[in-house]
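Note that the structure is predicted; figures quoted are calculated from it, not measured. The chains referred to below are lettered A, B, ... by the order of the sequence lines, with proteins before strands, and numbering in each begins at 1.
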2 protein chains.
Amino acid sequence: MAKRPETHDLNAILKAASDPTRRDILTLLAQEGPLKVGDIHARFDISLNAVSKHIKVLERAGLVRRRCEWREHLIDVQLVPLAEVDRWFRDLRSIWEMRLDALDRVITEGKRDDRTDDAS
Amino acid sequence: MAKRPETHDLNAILKAASDPTRRDILTLLAQEGPLKVGDIHARFDISLNAVSKHIKVLERAGLVRRRCEWREHLIDVQLVPLAEVDRWFRDLRSIWEMRLDALDRVITEGKRDDRTDDAS
DNA sequence: CTTTCATTCATCCAAAAGGTTGACTGACGG
DNA sequence: CCGTCAGTCAACCTTTTGGATGAATGAAAG
């Protein structure tokens, strides 16, 4: 009954995006295209294993895709799931606006009531 | 030399937003308007202190604002900093598109070079 | 066969994060 | 004067997280 099976978990996405190193990895991939794990490692001051783990986190969040050609793993950025974040933002704002609208309506009706009261 | 002094740290914003309880607090505030810390606490199954800490995190990220009227602290959601997240997303996508454009240009020039070579 | 290579797996460690409980603050109503 | 009340501060505990390091994998090259 899930809306879209491929929809990635907002929580995983935000958690993945909340680490600066991982954001840097995404940026690197965006500007250089698919890279091997080792190539990514070459750009950072952390161990290869740390990079590997970050990539796994990004992968679980759907922000990155892996194409294995035996021992070479090509990692590619995948921006689609970030739309989920955008959606959350939009939903929040819409909830906020709905409240303001309701408030506005109450005020307006209040004024009409006042007028009605005056007329009666 | 910061671009905008009021610009909140993207890292703080994403870290704050990456916790589900905090997102719930933001949603609650969006739909109910400014609330006291205790009122927020009443809606969750965690201690008042835990709520207090979450609010502090949100506050540091600029996602919430506090108006103290002596011992009653009114907490209000502040959506503006979320635009920073949006901006990050947009920047990332633009970097990605720039790479594709460059790639496209290379291919086109490659074809022109081929033709030139054939002509010479 | 043995070495090489790119990567993951398995541990381990320190620091951060989320939570709890208890003490503190300080105007206000008795 | 004294307790109440909303909220923070301080200490502590446990789980998660980011990182390091070393072993394992297993085709391919020699």
Side-chain angles (χ1 to χ4, degrees), chain A residues 8-29 32-78, chain B residues 8-29 32-78 81 85:
Chain A
H8 279 283
D9 183 20
L10 175 66
N11 206 30
I13 296 169
L14 281 174
K15 274 227 157 62
S18 73
D19 180 86
T21 304
R22 283 194 289 264
R23 285 199 303 277
D24 286 347
I25 292 179
L26 290 181
T27 303
L28 179 65
L29 288 171
E32 310 234 338
L35 289 179
K36 296 188 288 174
V37 179
D39 292 341
I40 298 172
H41 164 236
R43 310 302 198 88
F44 293 89
D45 261 4
I46 58 180
S47 74
L48 176 66
N49 282 20
V51 173
S52 177
K53 278 212 265 183
H54 278 311
I55 290 174
K56 236 183 307 177
V57 173
L58 290 169
E59 199 180 10
R60 273 197 293 266
L63 290 172
V64 123
R65 267 179 1 196
R66 183 192 307 254
R67 182 165 43 108
C68 298
E69 204 146 331
W70 203 69
R71 70 184 167 181
E72 296 196 349
H73 298 203
L74 263 226
I75 310 299
D76 198 2
V77 70
Q78 174 76 61
Chain B
H8 279 281
D9 185 20
L10 175 65
N11 205 31
I13 296 170
L14 281 174
K15 275 230 156 63
S18 73
D19 180 88
T21 304
R22 282 192 291 262
R23 285 199 303 277
D24 286 348
I25 291 178
L26 290 182
T27 304
L28 179 65
L29 288 172
E32 311 233 338
L35 288 179
K36 294 187 291 173
V37 178
D39 293 341
I40 297 172
H41 165 236
R43 311 301 197 86
F44 293 89
D45 261 4
I46 58 181
S47 73
L48 176 66
N49 281 17
V51 172
S52 177
K53 279 212 265 181
H54 278 311
I55 290 176
K56 236 182 310 176
V57 173
L58 290 169
E59 200 181 9
R60 273 197 293 265
L63 290 171
V64 122
R65 266 180 1 195
R66 182 192 307 254
R67 181 165 44 109
C68 298
E69 203 146 331
W70 205 93
R71 69 181 170 184
E72 297 196 350
H73 297 204
L74 263 228
I75 310 299
D76 198 2
V77 70
Q78 174 75 64
V85 177

Salt bridge (Lys or Arg N to Asp or Glu O under 4.0 Å) pairs touching residues 68-77 of chain B, sequence neighbours excluded, are B/Lys36-B/Glu72, B/Arg67-B/Glu69

Strictly by salt bridge (Lys or Arg N to Asp or Glu O under 4.0 Å), give each pair with a member in residues 17-29 of chain A just once, sequence neighbours left out. none

Using whole Å, report how far [atom1] of [X] lies from [atom2] of [N].
X       : N      : atom1 : atom2 : value
B/Asp45 : C/dG18 : CG    : P     : 18 Å
A/Glu59 : C/dT7  : CD    : P     : 13 Å
B/Asp24 : C/dG19 : CG    : P     : 11 Å
B/Leu14 : C/dA17 : CG    : P     : 14 Å
A/Arg67 : C/dA6  : CZ    : P     : 18 Å
B/Ile25 : C/dG18 : CD1   : P     : 11 Å
A/Glu69 : C/dA6  : CD    : C1'   : 13 Å

Which donor-acceptor pairs under 3.5 Å do side chains of residues 37-50 of chain A form with protein atoms, sequence neighbours excluded?
unit_1: A/His41; atom_1: NE2; unit_2: A/Ile46; atom_2: O; d: 3.3
unit_1: A/Arg43; atom_1: NH2; unit_2: A/Glu32; atom_2: OE1; d: 2.7
unit_1: A/Arg43; atom_1: NH2; unit_2: A/Glu32; atom_2: OE2; d: 3.1
unit_1: A/Ser47; atom_1: OG; unit_2: A/Asn49; atom_2: N; d: 3.4
unit_1: A/Ser47; atom_1: OG; unit_2: A/Ala50; atom_2: N; d: 3.1

Between protein and nucleotides 3-13 of chain D, map the contacts as a letter string: B base, S sugar-phosphate only, - none, heavy atoms under 4.0 Å, written 5' to 3'. --BSBBBB---

With sequence neighbours excluded, tell me which residues meet side chain to side chain contact (heavy atoms under 4.5 Å, CB included) with B/Lys56. B/Glu59, B/Arg60, B/Arg66

Please find the pair of heavy atoms, one from [X] and one from [Y], that lie closest to each other, and give the distance.
X       : Y       : value
A/Ala61 : A/Ala12 : CB-O, 3.7 Å
B/Pro20 : A/Lys15 : CD-NZ, 4.5 Å
B/Pro34 : B/Leu74 : CB-CD1, 3.7 Å

Please round to the nearest 0.5 Å and tell me the distance separating atom CD1 of A/Ile55 and atom CG of A/Leu26. 10.0 Å

Under 3.5 Å, which N/O atoms of the protein pair with N/O atoms of nucleotides 14-17 of chain D?
none

